Novice: 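Sharing a structure below in C-alpha cells format, with a few things to ask.
Because the structure is predicted, anything quoted here is derived from the model rather than measured.
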Amino acid sequence: MLSRLSSIAARRAPARFASLAAYEDYGSTVFKGDVADAYLKKQGSSAELLNDPTWTEHSADIVAAAILDWAVDNGADSYCHWFQPMAASGVRHGLTGQVQNKMIEFDRVTNKIKFDFKGKDLIRGETDGSSFPNGGLRATHTAGGYLAHDTSSPIFLRGDIVHIPSAFVSYYGTALDEKTPLLRSNEALNTQGLRLLKALGYEPKELVANIGLEQEIFLIPREQYLRRMDLQMTGRTIMGKDAPRGQEMCDHYMAAMSTAQPALEAMQEMQQECWKMGIPLKTRHREVAPGQYEFAPLFGTNTTQIDQNIMVMQVIEEVAAKHGLAALLQEKPFANINGSGKHNNWSIGTTDGINILNPEQLSKASGNDNAFAVVMSAIISAIDTHGDLMRMSIATPGNDFRLGACEAPPAITSTYLGDDMTNYLEAFKDGKTGAYSPGTKNMQMGTRYVRPISIPAEDRNRTSPFPYGGARFEFRAVGSAQNTSMVNTVLNTMTAQKFKHFADAIEAGADPIKVAQDALNDSWKVIFNGDNYDEANQEMLTKNGLWRIDSAVEANHKMVDPKNIALFEEMKVLQADECHARENVLHDHYTGTVEMEALCMIDMINQHVIPSCKDAEVGPVSDLATSVDTLKAAVAAIHAAETPYEAATLARVLRLETMVDIREFCDAAEGVVPADLWTLPTYKEMLFLDQTDASYVM
C-alpha cells in the first residue's frame with residue numbers, strides 16, 4: 001500500500017520551472033508571428049502577409065504551402081475547418097464542428113501517396129447545414145452550408161490536426177453559427193466608433209473589441225461522475241441532499257491546492273497544453289464552492305479570445321479525465337452552493353494600443369478632454385435601451401439556477417460606475433465639462449512593517465451585472481458553459497448603434513457635449529452603485545423602469561422584439577429571418593435541456609431512489625411513484641406544444657416548479673435510506689477532493 005501511494009505521489013509531483021526555457025514552446029502550435037514568418041519566408045513571403053485579410057484572395061496557395069510544411073514538421077497530417085454551431089452549450093463536446101481531412105493526395109495510377117494541401121482547401125469548406133440547429137434556415141432539400149476561414153483568429157495545431165477557425169453560413173449567406181454575427185458586429189463597432197471619434201477630433205486607423213474571459217469549473221472524482229446519470233447526460237445534479245458541509249465557512253476560496261490530490265496536477269497540465277496553442281492561461285485558483293476552480297487568461301481581441309476559451313473548455317474536460325477527474329462546466333451542477341460563471345471583461349481599443357475606455361489614454365490621444373465622457377454616455381445609453389438583449393445573451397439553461405442567488409447578479413440590467421465616476425458624469429451632464437482623472441487612495445496598514453500602498457478610489461461591486469472596472473466593463477452574469485459570441489455580439493451591436501446615433505447628430509451640426517448630456521439625462525436611471533442582491537433595491541430598480549426579465553424563456557423571446565430586430569438590421573449584423581431562426585434555436589435548446597433532465601429524473605427515481613427506499617423499507621415511495629407519472633405527463637405536454645416558444649414556456653414550469661418539488665421527495669429519501677443501500681454518489685462523495693483517499697480517485 002505504501003509503495004502504491006508513493007508511486008501516485010511521484011506521478012503527481014508538481015512541475016517545477018527553474019527558467020523560461022520550459023516555456024520555449026509557448027505558441028509553437030499557432031501559425032502566427034515568428035512561427036508563421038519562418039515558414040512563409042520559405043515561400044517568398046512573410047508573416048506580414050497575414051495582417052491583411054485579403055490574402056485569401058491572392059495568396060492562399062502561398063499560405064497553404066507554408067502551413068503544410070509547418071504541419072508536417074510538427075507531426076500533423078490532417079486539417080479541419082473549425083466552426084461554432086448554435087445551441088452547443090452543455091451538449092456538444094468542444095462546442096465546435098469539424099471534419100478532419102488528410103492533407104494527402106492518393107495517386108490512383110501509381111498507388112502512391114504524397115502530401116497535398118492547396119489554397120482552395122484552406123480558405124473554403126462545405127458541409128450539411130441542415131444537420132445543425134438552424135431554426136428553419138436550412139432543410140434537407142436545401143441543406144448547403146459553407147465554411148470560410150476567419151482571418152481575425154489564427155490557425156493553430158493540436159495533435160495531428162490543423163484547426164482553421166471558420167465562419168459558417170447557408171447557401172444564401174445567412175448565419176448558421178455563433179461567429180458570423182460577432183464578426184459583423186465587429187465591423188459595425190469599428191465603422192461607427194471611428195465616425196464618432198473623428199467627430200471628436202481623433203482619427204485612429206481601426207477599432208477592435210478586446211475581452212478577457214475568466215473560466216470557472218468544478219473538478220470531481222471521475223468514478224463518482226460515471227455513477228451519476230444526471231451529470232453525464234445534463235451536466236448537473238437533478239437530485240442530491242446537501243452535504244453536512246458546504247461553503248458556509250468561506251474556506252475554499254483561494255485556499256492552497258493540495259499536492260496530495262489530482263486537481264493541481266490536472267490544472268498544471270491544462271495550462272501547459274494551452275500555452276503551446278498560444279493561450280495565455282495565466283491565473284489559476286480555487287473558487288468559492290467546494291470542488292470549484294478558476295482559470296483566467298490575459299485579454300485579447302474578441303474573436304481570438306472566444307476561440308481560445310472554447311478550446312480551453314475542451315482541454316479542461318479531456319485533461320481532467322486523464323487525472324481521474326471529471327470537469328463540470330455547467331453553470332449550476334450542485335444545488336445550494338455557488339455555480340460557475342465566465343466573467344466577460346469588455347473594452348474597446350485602437351490597433352495602436354489606445355483603450356478608449358481608459359480616460360487618460362483617450363484624452364491624451366484625442367486632445368479632447370470631453371471625449372471619454374461622450375463615449376461613456378453612449379455606452380450607458382446603450383445599456384438602458386438594450387438591457388433586454390444583454391439579458392437575452394446570458395439566458396442559458398444553466399443560468400436559470402444561478403442569477404440573483406447571491407453568487408451572480410440578478411436579472412435586472414444596471415451598471416455600476418462607482419461614486420468617483422458617477423460624480424464626474426453627473427457634473428458633466430449638469431454642465432461642468434473637462435477631463436476625468438481616476439482617483440486613488442493611500443492605504444495605511446497600521447504597521448511599519450507593511451508600507452502604505454496606492455489603491456483605486458472605487459471599491460468592487462460584485463452584485464452589479466455590468467460594472468465599470470477602470471478601463472473596461474465586466475459582464476459578470478455570463479454563464480460558464482457558454483460560447484460568449486452572442487454576449488459580445490450584443491455588446492458590440494448596441495454600442496455601435498449609439499455611436500452611430502451620436503455621430504449622425506454631431507455630423508448634422510449638433511454639439512457633441514449636448515448630445516452626450518441628453519443621453520445621460522435620458523438613461524441616468526440605469527446607473528446603480530448599491531447592493532443588487534438586496535430585495536428592496538431590486539424592487540426599486542424595477543419600479544424605476546430598468547430591464548428586468550426573470551425568465552430565460554422570455555429573455556430569449558426578446559430576440560424577435562421589433563426594437564431588437566431593427567437594431568440588428570440597422571447595424572447589418574442579423575436580418576429578421578436570422579433573428580427569428582435564432583430565437584427558435586434558443587427555445588429548442590432550452591426545451592431539449594429540460595427534457596433530458598426530466599427523463600434522467602424518471603430513470604433515476606425508478607432505477608435508484610425507489611429501489612433503495614424499498615430495500616430499506618423507508619421513504620416516500622408512493623409520492624415518488626406518482627412523481628414519475630407527473631414527469632411523463634409534463635414531457636408529453638411539451639411534445640404537444642405547437643411552437644418552440646410555447647414548448648419552452650412549459651419546459652420552464654416543469655424545470656423550476658414541478659422538478660423542484662419532486663426533488664424534495666428524492667432528497668428526503670436520501671436522508672433516511674442507510675448509506676449502504678443508497679446507490680447514487682452523494683454530494684459529500686463528489687465535492688470534497690481534499691477529504692478523499694487519493695488512491696481512490698486515481
Novice: For the pair Asn488 and Gln305, evaluate side chain to side chain contact (heavy atoms under 4.5 Å, CB included) and give the outcome as yes or no after the intermediate values.
Specialist: CA-CA 11 Å; Asn488 289 284; Gln305 283 290 301; over 6 Å; no
Novice: Return the orientation label for the Phe31 and Trp70 ring planes: parallel under 30°, perpendicular over 60°, tilted otherwise.
Specialist: tilted
Novice: Fit a plane to each ring of Phe473 and Phe466, take the angle between them on a 0 to 90° scale, and name the class: parallel (under 30°), tilted (30 to 60°) or perpendicular (over 60°).
Specialist: parallel
Novice: Has the side chain of Glu105 got a donor or acceptor atom that lies under 3.5 Å from a matching backbone atom of Lys114?
Specialist: no
Novice: If you count every heavy atom of other residues, nucleotides or ligands that lies below 6.0 Å from Asp73 atom CG, does the total exceed 12?
Specialist: yes
Novice: Can you confirm whether the side chains of Glu570 and His501 place a donor and an acceptor under 3.5 Å from each other?
Specialist: yes
Novice: If we ignore hydrogens and angles and just use 3.5 Å, is the side chain of Asn399 paired with the main-chain N or O of Ala477 as donor and acceptor?
Specialist: yes
Novice: Would you call Tyr590 and Leu586 a side-chain contact if the rule is heavy atoms closer than 4.5 Å?
Specialist: no
Novice: Would you give the length of the straight line joining atom CG of Asn564 to atom CG of Leu389, rounded to the nearest 0.5 angstrom?
Specialist: 3.5 Å
Novice: If only side-chain N and O atoms count, and only distance matters, is there a donor-acceptor pair under 3.5 Å linking Asp25 with Gln272?
Specialist: no
Novice: As an exercise, state the distance from OG1 of Thr54 to CG of Leu49, rounded to the nearest 0.5 Å.
Specialist: 8.0 Å
Novice: If you look only at pairs with a residue in residues 132-142, which of them pass as a side-chain hydrogen bond (donor to acceptor under 3.5 Å, both in side chains), with sequence neighbours excluded?
Specialist: none
Novice: Could you measure the distance from the CZ atom of Phe156 to the NE2 atom of His163? Nearest 0.5 Å is fine.
Specialist: 4.5 Å
Novice: Salt bridge check: are Lys332 and Asp400 linked by an N-O gap of less than 4.0 Å?
Specialist: no
Novice: Compare every heavy atom of Gln84 with every heavy atom of Asp177, then report the nearest pair and how far apart it is.
Specialist: CB-O, 3.1 Å
Novice: Evaluate Glu554 against Arg652 for salt bridge (charged side-chain N to carboxylate O under 4.0 Å, His left out), listing each step before the verdict.
Specialist: CA-CA 10 Å; Glu554 294 305 320; Arg652 183 174 186 270; over 6 Å; no
Novice: Spell out, as yes or no, whether a donor-acceptor pair under 3.5 Å connects the side chain of Lys342 to the backbone of Gln482.
Specialist: yes
Novice: When you measure from the side chain of Ser45 to the backbone of Leu40, do you find a donor-acceptor pair of N or O atoms at a distance under 3.5 Å?
Specialist: no
Novice: Taking atom types as modelled, is there a side-chain donor on Glu178 or Asn483 under 3.5 Å from an acceptor on the other?
Specialist: no
Novice: Classify the ring geometry between Phe117 and Tyr79 as parallel (under 30°), tilted (30 to 60°) or perpendicular (over 60°).
Specialist: tilted
Novice: Start with the C-alpha gap between Lys179 and Asp307, add the side-chain angles, then the distance that decides, and say whether side chain to side chain contact (heavy atoms under 4.5 Å, CB included) holds.
Specialist: CA-CA 9 Å; Lys179 172 169 280 200; Asp307 284 358; 2.8 Å; yes
Novice: Using a cut-off of 6.0 Å, state whether more than 12 heavy atoms not belonging to Tyr146 lie near its atom OH.
Specialist: yes
Novice: May I ask you to decide if Arg236's main-chain N or O and Gln330's side chain share a donor-acceptor pair within less than 3.5 Å?
Specialist: no
Novice: Does the side chain of Ser89 pick up a donor-acceptor pair with the side chain of Thr396 at under 3.5 Å?
Specialist: no
Novice: Return yes if some donor-acceptor pair links the side-chain N/O of Asn190 with the main-chain N/O of Leu207 below 3.5 Å, else return no.
Specialist: yes
Novice: Short question: side chain of Arg402, backbone of Ser340 - any donor-acceptor pair under 3.5 Å?
Specialist: yes
Novice: Hey, could you give me the CE/CE distance between Met559 and Met486, rounded to the nearest 0.5 Å?
Specialist: 4.5 Å
Novice: Between Thr174 and Val169, is the side chain to side chain contact (heavy atoms under 4.5 Å, CB included) condition met? List the steps.
Specialist: CA-CA 5 Å; Thr174 51; Val169 299; over 6 Å; no
Novice: Are Trp346 and Asn302 close enough that a side-chain donor and a side-chain acceptor fall under 3.5 Å?
Specialist: no
Novice: Do NZ/NE/NH1/NH2 and the carboxylate oxygens of Glu269 and Lys322 come within less than 4.0 Å?
Specialist: yes
Novice: Would one find more than 12 heavy atoms of other residues, nucleotides or ligands at under 6.0 Å from atom OH of Tyr171?
Specialist: no
Novice: Could you tell me whether the side chains of Gln43 and Asp61 share a donor-acceptor contact shorter than 3.5 Å?
Specialist: no
Novice: How close do Cys579 and Leu574 get, heavy atom to heavy atom, and via which atoms?
Specialist: SG-CB, 3.9 Å
Novice: If you draw a 6.0 Å radius around CG in Asp34, do more than 12 non-hydrogen atoms from other residues or ligands fall strictly inside?
Specialist: no
Novice: Out of curiosity, Asn344 CG to Leu491 CG, how far, rounded to the nearest 0.5 Å?
Specialist: 6.5 Å
Novice: Any sub-3.5 Å donor-acceptor pair from Arg655's side-chain atoms to Pro397's backbone N or O?
Specialist: yes
Novice: So, the side chain of Gln192 versus the backbone of Met571: is there a donor-acceptor pair under 3.5 Å, distance only?
Specialist: no
Novice: Considering residues, nucleotides and ligands other than Lys572, do more than 12 of their heavy atoms fall under 6.0 Å from its NZ?
Specialist: no
Novice: If we ignore hydrogens and angles and just use 3.5 Å, is the side chain of Asp150 paired with the main-chain N or O of Ala167 as donor and acceptor?
Specialist: no
Novice: Please lay out, stage by stage, how Val487 and Phe475 fare under the test side chain to side chain contact (heavy atoms under 4.5 Å, CB included).
Specialist: CA-CA 9 Å; Val487 170; Phe475 203 170; 3.5 Å; yes
Novice: Within this structure, what is the CD-CG distance for the pair Glu48 and Asp37, rounded to the nearest 0.5 Å?
Specialist: 8.0 Å
Novice: Looking at side-chain heavy atoms only, is the closest gap between Trp547 and Lys558 below 4.5 Å?
Specialist: yes
